[in-house]
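Nothing here was measured: the structure is a model prediction, and the numbers come from that model. First the proteins, then the strands, lettered A, B, ... as listed; each starts at 1.
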Number of protein chains: 2
Amino acid sequence: MLFIKLADQNVPKLDESLLSGLPPFSCLTRPQIRKILDQARSRRYEEGAEIFREGHEADRFFLLLDGYLRVVRTTPGGDQIIVLHISPGQLFGIAPALQRETYPATSIAAAESIALSWPVRLWSDFTATYEGFATESYKTLGSRLGQIQQTLTEMATQAVEKRVAAAVLRMVNQSGRKTDKGIEIAFPVTRQNISDMTGTTLHTVSRLLSAWEKAGIVESTRKHIVVTAPHQLVVISNGTD
Amino acid sequence: MLFIKLADQNVPKLDESLLSGLPPFSCLTRPQIRKILDQARSRRYEEGAEIFREGHEADRFFLLLDGYLRVVRTTPGGDQIIVLHISPGQLFGIAPALQRETYPATSIAAAESIALSWPVRLWSDFTATYEGFATESYKTLGSRLGQIQQTLTEMATQAVEKRVAAAVLRMVNQSGRKTDKGIEIAFPVTRQNISDMTGTTLHTVSRLLSAWEKAGIVESTRKHIVVTAPHQLVVISNGTD
DNA sequence: GGGGGACTTTGCTCTTCATCAAACTCGCGG
DNA sequence: CCGCGAGTTTGATGAAGAGCAAAGTCCCCC
């Protein structure tokens, strides 16, 4: 994928097309976008790298250009759980939107990723200057809040198998790419990761995936999952047996 | 408590002091508050009454004046879980702030309650006109998001006893009132309610409370709980045994 | 090409907690 | 003052899934 256009100097310059298609910026003029880009810092993160950490000073906000992120919380006891995933085109680390001074969770690159970021003081500029930017951001926040509530209720009421099925489906919906076999989750996921999304153990997840594989619902290799019969998973997650 | 001051006519008129102390309105002048109040609808809800329901059109936003609310989500299967509690002085039902057109959860009065509300179209007026209103609202939202994430991680990683202890502590912190015996939760809570907060059953909660009562940590009667040894509960919820 | 580490699988045991069942108690309305 | 219903208590049972152990497999890096 092409993200960077080399300028005459050997300093890479970001291309306007990066932002023009994304909701938070879609109504802006080219010069506006140019200005926003010129204020941004672009950076690459390799798989497993931390973008920012829970509790640290929230001095920048981010936009994911390419890759996938996990947003994670850790308990004092060291257990961690994955609160949500971020896909390309989404804003994240937008603590400033909520008047927070620290990040409420940690972001980790689930795959090699590229993100733009801006210093937090620009947040109020952006929302004040660019019509629709604030609106879109809050919409994002709203749906994210909804997602988390959804996860919470699942966690509280559903048995492990349903939760795991729901988690897999959520990843498929967010990042599924069609293959000849079925729909593949576009970023690396370990059994451990799934257990961190569902509050169970990697053992249990492994058993479930094995069972589903036998039943012809999924195919999986290391860190990769292809869902061949999504409908079956929906059935499992609904308990509509 | 006195909330209503009767005007010359027999139409009740809301007193400015209602709002002047609350963060979202604290920087406003009296005439501004007067105007806000005049646009508000005030209403009483009895215990168990529904203020609004998940999925319904979000046509108003609210401020709780007195009482306590439970914010609840229900699964297709009929299980419900309590996402958070609202105390007096807090805004709620602020779906408009997130550009949502429907409420993401249901609000139920945990005790007899009084709330003000405004039509959703005023939201943009408020945020545009009154400096600090938006800021405060988003701060509220931010801390609420944090709370839910907190609950989620607990739910995913902690054993039942810790979760229940944490839930009781959260209620105590939010609405505890000192009594001669200890700190009392200020609104009615059933075992069932607590189990709905923690994703367990009323049986398990009952057993735990009985055990804690024997250990001298709490005293409880029907729908009411007094914590006599908060520190012990903290110990239980941390696992710092 | 051959470690070696990271990821996965699988079996077994044991705890926790949901579920079922039944009795008890409080408080309210008739 | 009685009876009913909502809330609570307690016991017994069983199943789900965590924890522990150990071996297998893939992939990356040297």
Atom-pair distance ([atom1] on [X]; [atom2] on [N]), nearest Å:
X         : N       : atom1 : atom2 : value
Arg163(A) : dA16(D) : CZ    : C1'   : 11 Å
Glu161(A) : dG17(D) : CD    : P     : 8 Å
Gln158(A) : dA16(D) : CD    : C1'   : 15 Å
Gln192(A) : dT8(C)  : CD    : C1'   : 12 Å
Leu208(A) : dG17(D) : CG    : C1'   : 10 Å
Trp212(A) : dT8(C)  : CH2   : C1'   : 16 Å
Arg191(A) : dG19(D) : CZ    : C1'   : 20 Å
His224(B) : dA6(D)  : NE2   : P     : 18 Å

request  = Compare side-chain N and O positions of Thr200(B) against OP1 and OP2 of dC17(C) and report whether any pair is under 4.0 Å apart.
outcome  =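 Checking dC17(C) against Thr200(B), no side-chain N or O comes under 4.0 Å of OP1 or OP2.
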Partner residues of Glu184(A) under the side chain to side chain contact (heavy atoms under 4.5 Å, CB included) criterion, sequence neighbours left out =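 So Glu184(A) forms a side chain to side chain contact (heavy atoms under 4.5 Å, CB included) with Arg177(A), Thr179(A), His224(A), Val226(A).
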ask   = Considering residues at least two apart in sequence or located in another chain, which fulfil the side chain to side chain contact (heavy atoms under 4.5 Å, CB included) criterion with Gln90(B)?
value =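 Here the qualifying residues are Ile86(B), Ser87(B), Arg144(B), Gln174(B).
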Which atoms of nucleotides 27-30 of chain C (N or O only) lie under 3.5 Å from a protein N or O atom, and what are those distances?
none

key: Nearest heavy-atom neighbours spanning Leu64(B) and Ile114(B)   =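 Scanning both residues, the minimum pair turns out to be CD1-O, 3.5 Å.
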ask   = What pair of heavy atoms forms the shortest contact from Phe187(B) to Ala110(B), and how long is it?
value =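 Looking at all heavy atoms of both residues, the closest pair is CD1-CB, 4.0 Å.
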Which part of the nucleic acid does [X] contact within heavy-atom distance under 4.0 Å: base, sugar-phosphate only, or nothing?
X         : value
Thr201(A) : sugar-phosphate
Leu202(B) : base
Thr190(A) : sugar-phosphate

Among [options], find the nucleotide with the atom closest to the side chain of [X].
X         : options                  : result
Arg207(A) : dG17(D), dC7(C), dC12(C) : dC12(C)
Ser210(B) : dT8(C), dT10(C), dT10(D) : dT10(D)
Thr204(B) : dT8(D), dT8(C), dA18(C)  : dA18(C)

inquiry  = Can a donor-acceptor pair be found, under 3.5 Å and without considering hydrogens, that links the side chain of Ser113(B) to the backbone of Tyr68(B)?
reply    =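 Here the side-chain-to-backbone pair exists.
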ask   = Sub-3.5 Å donor-acceptor pair from the side chain of Arg73(B) to the main-chain atoms of Pro104(B), do we have one?
value =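 Yes, because the side chain of Arg73(B) sits within donor-acceptor range (under 3.5 Å) of the backbone of Pro104(B).
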inquiry  = Any donor-acceptor pair, under 3.5 Å, between the side chain of His203(B) and the base of dT10(D), if you only look at N and O atoms?
reply    =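 In this structure, the two groups form a donor-acceptor pair.
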message = Please identify which of these residues, Ile225(B), Asn173(B), Val172(B), meets the side chain to side chain contact (heavy atoms under 4.5 Å, CB included) condition with Ile183(B).
response =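 Of the listed residues Ile225(B), Asn173(B), Val172(B), the side chain to side chain contact (heavy atoms under 4.5 Å, CB included) partner of Ile183(B) is Val172(B).
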